[in-house]
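Working notes for the structure below.
Counting convention: from 1, in listed order, for ligands and their atoms alike. Note that the coordinates shown come from a computational prediction; the quantities given were computed from them, not determined experimentally. Nothing fancy with the numbering, it's 1 onward along the sequence.
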Amino acid sequence: MPEGHTLHRLASQVQRLFVGRSWRVSSPQGRFDAGAARLHGRVPERAEAWGKQLFVHLGADIWQVHLGLYGAFSFRGDESFAGAASLGAPRTVGTQHTPEYDDTGWILPEPPRATARARIHVPHGWADLRGPSRCAVLNPMQYEAVIARLGPDPLRQPEGSLDEALLGQFQDNLRRRRISIAAALMDQAVIAGVGNIYRAESLFTEGLSPDTPSQELSGSQVSSLWATITGQLRDGVSEGTIRTLRADDPHLGLRGADVRSAVRRHWVYKHQGTPCLKCGETIRMRELQGRRLYWCPGCQTH
Ligand SMILES: [Zn+2]
């Protein structure tokens, strides 16, 4: 599932390529016809991400997209329309488009796939949304209700600084729940934007056992976890991929060379049954609420 870093990259790309330009909106698949008709011909004013959701504001209408497990946007256009070709669940990207334009100077898009829930089109390019778990037009009250159910998103802090209020919300949310920290991190009402990979890797980095009850974490453990998640998400935004293991990490010692040659990106995620690169214990995996949880019993003892 796309995690928060992908949504923030998506929001900045939509902001850069579509906001401030009159757009054409359609629903090739037909399931978003009414919403598309409402958004068509208008000028998007602002795009933002909150956790795993994208919101595009057009006056009192807000386009809400949740990519879910399978959703993705693909982008195509001429050379002035530059950015990631696809954002969301991994998808193959088609061959390069040779741009052609209509009489009004708008690029002629390729025929959409029948599965495209929405197509957004501006003079120099277009994007197709496929497979989202949610694609809807909200009014301001509905938007506020959605936001109110979401926990703090670390990527909504100003870059390079800590928002004490958001950290305080995270702390309160953890204290109010009687669930393990591993379960809490996947609850978007506790913290927004963390998915399975960031959960596994941040708990490993912090040496926290996935089974520790969330209300038993000390203030300093929560602050440190928040800082780690923030840093890992920020790296994900700037690199476009989740990499939590660096070949120059001091914990690796001589194993750094193995990591470089194996292009390994994670400490524990999907490495069950192999020795931990930090302590040598065997990395474990089990199901928790339908998602796979990965951890190192040697390192994650708090
Ligand atoms: Zn270990």
What about the rings of His266 and Tyr294, do their centers lie closer together than 6.0 Å?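 Judged by ring-centre distance (under 6.0 Å), His266 and Tyr294 do not meet the cut-off.
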
Establish, from distance only, whether the side-chain atoms of [X] and [Y] form a donor-acceptor pair under 3.5 Å.
{"X": "Gln29", "Y": "Arg117", "value": "yes"}
{"X": "Trp226", "Y": "Gln221", "value": "no"}
{"X": "Arg265", "Y": "Thr241", "value": "yes"}
{"X": "His124", "Y": "Arg21", "value": "no"}

Close to the Zn ion (ligand 1), meaning under 2.8 Å, how many protein N, O or S atoms are there? 4

Counting heavy atoms not belonging to Arg31, are there more than 12 under 6.0 Å from its CZ?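 Counting other residues, nucleotides and ligands, CZ of Arg31 stays at 12 neighbours or fewer.
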
